[in-house]
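Report on the structure given below.
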Amino acid sequence: MAHALKDGDVLVIPCSGIGKVHGLIGREATYKVMDDLASENTATLCLALLVKGDPEAVAAVQSHRCITIDGCAKACAQKNVEMSGGRAAKAIQVAEAFRNFRGAKPGTATALTEDGWKITEAIAQSVHCEAAELHELEGTVR
Ligand code: SF4
């Protein structure tokens, strides 16, 4: 179950990506990490808050380690974290993850197929591993 942001959490921030299956995969991977794989030490925030300069959201990315999940190379989540004074410790692009699933038919902007869920799972596992490594580094390098 997702929880409110607390000290030491890793922020997992997907792009908005409405209208593309890539965006849906990024959001579903985020939910899988937060609700299942790493529910105790990850949180997320709405990218739109960063885009409009919301002070709480800006402070959150400046004070927490961040992993961004972007649908494509435009990297809206990564760029907005960085423009807000944060740093993406890991920047994932769903389009790149597709390279490991050649020929996959992931579904649409509103519904994933079995292939789409496989890609989602792979991305979520990657984020989970990265978040675990960041927690091991907690108190060392930020
Ligand atoms: S990174 Fe790509 S898919 Fe995501 S919001 Fe930006 S343009 Fe859309």
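Residue indices begin at 1 and follow the sequence shown. Each ligand, and each atom within it, is numbered from 1 in the order the structure gives.
More than 12 heavy atoms of other residues, nucleotides or ligands shown are found within 6.0 angstrom of CZ on Phe98.
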Just list the side-chain donor-acceptor pairs under 3.5 Å for residues 67-78, sequence neighbours left out, or say none.
from: Asp70; atom 1: OD1; to: Cys76; atom 2: N; distance (Å): 3.1
from: Asp70; atom 1: OD1; to: Ala77; atom 2: N; distance (Å): 2.7
from: Asp70; atom 1: OD2; to: Gln78; atom 2: N; distance (Å): 3.1
from: Gln78; atom 1: NE2; to: Glu82; atom 2: OE2; distance (Å): 3.3

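Under the 4.5 Å side-chain criterion, counting only non-hydrogen atoms from C-beta, Glu28 is in contact with Leu24. A heavy-atom distance below 4.5 Å is not found between the side chains of Val81 and Arg87. For the pair His22/Ile25, no side-chain contact is recorded, criterion being any heavy-atom separation below 4.5 Å from C-beta on.
Around atom 2 (Fe) of ligand 1, the protein N, O or S atoms closer than 2.8 Å are Cys72 SG, listed by chain and residue number.
From Met34, atom CE reaches atom OG1 of Thr44 across 5.5 Å, with rounding to the nearest 0.5 Å.
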